[in-house]
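Data block below; observations after.
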There are 2 protein chains.
Amino acid sequence: MNDRSEASARPAPTRSRAQIISVSHGLFLMQGFHGTTMRQIAKHAGVALGSLYNHFTDKDDLFSAVFEAYNPYPTLLLALENSRGKDTEELVRTAARRMVNVLAARPDLVKLVFIDVVEFQGEHLRKAYPAVAPGLQDFARRLRKESGNLQPFSDDALLRAFFGLFYAFNMNEMLLGAPVDSDGQTAVLQELIEIYLNGILA
Amino acid sequence: MNDRSEASARPAPTRSRAQIISVSHGLFLMQGFHGTTMRQIAKHAGVALGSLYNHFTDKDDLFSAVFEAYNPYPTLLLALENSRGKDTEELVRTAARRMVNVLAARPDLVKLVFIDVVEFQGEHLRKAYPAVAPGLQDFARRLRKESGNLQPFSDDALLRAFFGLFYAFNMNEMLLGAPVDSDGQTAVLQELIEIYLNGILA
DNA sequence: CCTACCGATCGGTAGG
DNA sequence: CCTACCGATCGGTAGG
């Protein structure tokens, strides 16, 4: 956290540090946090075990760095912020498509959330949430503004039902780990989006 | 699965075995699988470390027994099967209320799912799924039969959107671990159910 | 004096 | 069902 206090401004060894974080991320996804050893990380990163402790005070500190580097919130929020539409319906369709694309391209985002919940009781997620809450409220505001035929639901319900789409959509892959056929999947997603739109529009 | 084949009919020490499973379950929920040691389990269960291996061949086998004892699928399926309603709308409301009640009373069900996904790549869930799949199809069939004004969605979409409700509903608690105020929660659930019903009914 | 990193090993604990 | 203990490996740190 608080590095050198004054003088001596050396940019820190970012090369192998980045490599360690990247390798740790991959191993944590496959084996979980406690199932991954510092020796495995050192070996895969091509550095000595002792070197890990030059970059991170301990294993927990390393996980914090991994979580910061692969924090799912900013990525998902960006997908929402980049979504446009001439009305609520188009905005929802665009945003849903972007969310699915991101989650399909980056299954690691959800897995990291699960790891934090299982092995850290969600403490990193909790700490990261305040930074994205305003962006979520902003998306809810846009859902309302883009159209006038929205049913009188709360922001909370609109957002949760929207995110529920992706939990529902990714459920099979997450829980069953199956490589479901993508054509059938896309069709199901279309249906889920229709159910949501039917649900929130008058 | 297949216990003693013949002769030697010893009923197995079910007393402490049950105690070990119960204690393990609690510790796994708090610390995850790899974060929990066999010595912790022995100590909390009031048995010697070596005794654990009299009941279970290894730590993985103990987890399998825990998963079998606390398998979330049958419990959730039972909540659906016990739900009745004179039409689709009433069936959905009843089933949603039951699901929420079960998940609120048993947060361990979801946590165990997460543990399996993070630390076993979902293998126990995968193995348990075929046994519940027929029951899920049955619920989808009932959703259709109880009413005629259902939109032409696939069983898959109907079921996923329904379960998405509870992912969406439990999101905050799971991800933020927060004890959200239950009055506001109930109100949000009402809204989520309305969105679903609006979505699937003509 | 700093950084990045080494070979070797610390005190304890893992599953068995 | 317990005591005692194993080969190995754990997370973390020593001096250089």
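Naming: A, B, ... by sequence-line order, numbering from 1 per chain. On a predicted model such as this, the values are computed, not experimentally measured, just so you know.
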Problem set entry | Nearest-angstrom distance from the residue atom CD1 of A/Ile41 to P of D/dG12 | 10 Å

For this session: Answer yes or no: are there more than 12 heavy-atom neighbours, outside B/His44 itself, under 6.0 Å from its atom NE2?
Result: no

Exercise. Please give, in whole Å, the distance from C/dG15 P to B/His34 NE2?
Worked result: 8 Å

Problem set entry | Side-chain heavy atoms of B/Leu192 within contact of B/Tyr196, under 4.5 Å | no

Exercise. Quantified in whole Å, what is the P atom distance between nucleotide C/dG16 and nucleotide D/dA4?
Worked result: 22 Å

Exercise. Are A/Tyr129 and A/Leu125 close enough that some pair of their side-chain heavy atoms sits under 4.5 Å apart?
Worked result: no

Exercise. Base, sugar-phosphate alone, or nothing: which one does A/Thr36 contact when heavy atoms must sit under 4.0 Å apart?
Worked result: sugar-phosphate

Seminar exercise, completed: Looking only at D/dC2, C/dG15, D/dC1, the nucleotide nearest the B/Ala48 side chain is D/dC2

Exercise. Does the side chain of A/Arg142 reach to within under 4.5 Å of the side chain of A/Arg84, using non-hydrogen atoms?
Worked result: yes

For this session: For nucleotides D/dA8 and C/dG12, find the distance between their C1' atoms and express it as a whole number of Å.
Result: 13 Å

For this session: Take atom CZ of B/Arg39 and atom C1' of D/dT3, then tell me their distance rounded to the nearest Å.
Result: 12 Å

Exercise. When we call it a touch if two heavy atoms are under 4.0 Å apart, what does A/Leu52 touch: a base, just sugar-phosphate, or nothing?
Worked result: nothing

Exercise. Start at the 5' end of DNA chain D and walk down; is the nucleotide closest to A/Leu49 or to B/Gly46 reached first?
Worked result: B/Gly46

Exercise. For the pair made of NE2 in A/His55 and P in D/dT13, what is the distance, rounded to whole Å?
Worked result: 15 Å

For this session: Starting from C1' on C/dC5, measure out to CZ on A/Phe56 and report it in whole angstrom.
Result: 15 Å

Problem set entry | Shortest side-chain distance from B/Thr37, nucleotide among D/dC1, D/dG11, C/dG15 | C/dG15

Problem set entry | Gap between atoms NZ and P, on A/Lys59 and D/dG11 respectively (whole Å) | 4 Å

For this session: Round to a whole Å and report the spacing from CD of A/Gln40 to C1' of D/dA8.
Result: 14 Å

Exercise. Would a distance-only check, ignoring hydrogens and angles, find a side-chain to backbone donor-acceptor pair under 3.5 Å from A/Gln40 to A/Thr36?
Worked result: no

Seminar exercise, completed: To the nearest angstrom, the OH-P distance between B/Tyr53 and D/dC2 comes to 14 Å

